[in-house]
Amino acid sequence: EADIYQTPRYLVIGTGKKITLECSQTMGHDKMYWYQQDPGMELHLIHYSYGVNSTEKGDLSSESTVSRIRTEHFPLTLESARPSHTSQYLCASSKTGLISEAFFGQGTRLTVV
Amino acid sequence: AQKITQTQPGMFVQEKEAVTLDCTYDTSDQSYGLFWYKQPSSGEMIFLIYQGSYDEQNATEGRYSLNFQKARKSANLVISASQLGDSAMYFCALPSNFGNEKLTFGTGTRLTIIP
């Protein structure tokens, strides 16, 4: 069973609020990722990190930012939430080395009203 | 650029029957791999099976197997003896380049198992 946790699971928030989606893993994985998924659609990579102090933007442009101060923690922040940010956000991690599967958290369903 | 195509938006299958979920891909990499993930209605992504292009034999994991045909650039997932708990979205995914787990996902197939 994967040990990667996301909080909150569900979040409804007003336009203009600052929010942080939390993601933590206890597997010691160096690589971590954030994906965005609209209902019934594919996942798109928005951020990734190869280790502490490493962050890169993914294939899908996003107004969110991320930080990686500790190996186990990879929070995603939206400074000013908008309705267009309504989506599901999935965090994942994988171990370093030749290709290995990514372990996903349960996701945060964000609704901005 | 990597591209994954899943042409079956939805499938309905009788319980205990086998089902094949299609996935075709396009990549310029000489070495690559394909992942399959399951996403139940609860939202998490569950890793099912992986195969590298260099693997000689098709991968199998319990009731899951990959029908990997490199010449056709297809990597279809076969689920044998389907169960009600198999009802979910299924995604095929391709790493952006070999040795990298930045995944490009297909649009998914919603599988519904009928009792």
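Since the model is a prediction, treat every value here as computed from it, not as a measurement. Chain letters run A, B, ... following the sequence lines, proteins first, then strands; residues in each count from 1.
Proximity to chain A (any heavy atom under 4.5 Å) is shown, for B/Gln6, by neither the backbone nor the side chain. A/Gln37 touches chain B through its side chain: at least one heavy atom from C-beta onward sits under 4.5 Å away, while N, CA, C and O do not. The parts of A/Leu43 that come within reach of chain B are both its backbone and its side chain, each placing non-hydrogen atoms under 4.5 angstrom from that chain.
The heavy-atom pair separating A/Arg9 from A/Gly107 by the smallest distance is NE-O, 3.4 Å. When every heavy atom of B/Ala75 is checked against every heavy atom of B/Leu66, the shortest pair comes out as O-CD2, 3.7 Å. Here the closest non-hydrogen pair linking A/Ser93 and A/Met27 is OG-CE, 3.4 Å.
Residues B/Asp26 and B/Lys73 are paired through a salt bridge, judged by an N-O separation under 4.0 Å between the basic side chain and the carboxylate.
Grouping the Ile, Leu, Val, Met, Phe, Trp and Tyr side chains by contacts below 4.5 angstrom, directly or via other members, places A/Ile46 with A/Leu21. Cluster membership for A/Ile13 and A/Trp34, using ILVMFWY side-chain heavy atoms within less than 4.5 angstrom, is shared. Note: the hydrophobic cluster containing B/Met45 does not contain B/Trp36 (ILVMFWY, side chain heavy atoms under 4.5 Å, direct or indirect links).
With hydrogens and angles ignored, the 3.5 Å screen pairs no side-chain donor or acceptor of B/Ser74 with any backbone N or O of B/Asn76.
Checked against the 6.0 Å centroid threshold, A/Tyr33 and A/Phe104 do not count as a close aromatic pair. Taking the centre of each ring, A/Phe74 and A/His47 stay at or above the 6.0 Å mark. B/Tyr25 and B/Tyr32 have their aromatic ring centers within a separation under 6.0 angstrom.
The list of salt bridge (Lys or Arg N to Asp or Glu O under 4.0 Å) pairs with a residue in residues 66-93 of chain A, not counting sequence neighbours, reads A/Lys18-A/Glu79, A/Glu63-A/Arg82, A/Arg70-A/Glu72.
Contacts between residues 9-23 of chain B and chain A, defined by a heavy-atom separation under 4.5 Å, are made by no residue at all. For a heavy-atom cut-off of 4.5 Å, chain A lies close to B/Gly106, B/Thr107 in residues 106-115 of chain B. When the heavy atoms of residues 84-93 of chain B are compared with those of chain A, the residues falling under 4.5 Å are B/Met89, B/Phe91, listed by number.
Checked by atom type, the side-chain pair A/Thr20/A/Thr77 shows a donor-acceptor distance below 3.5 Å. No hydrogens or angles considered: a donor-acceptor pair under 3.5 Å links the side chains of A/Glu22 and A/His73.
Note that the CD atom of A/Gln6 and the CD atom of B/Glu44 stand 10.5 Å from one another [nearest 0.5 Å].
The candidate with the highest count of non-hydrogen atom pairs below 4.5 Å against chain B, out of A/Met41, A/Gln88, A/Gln106, is A/Gln106.
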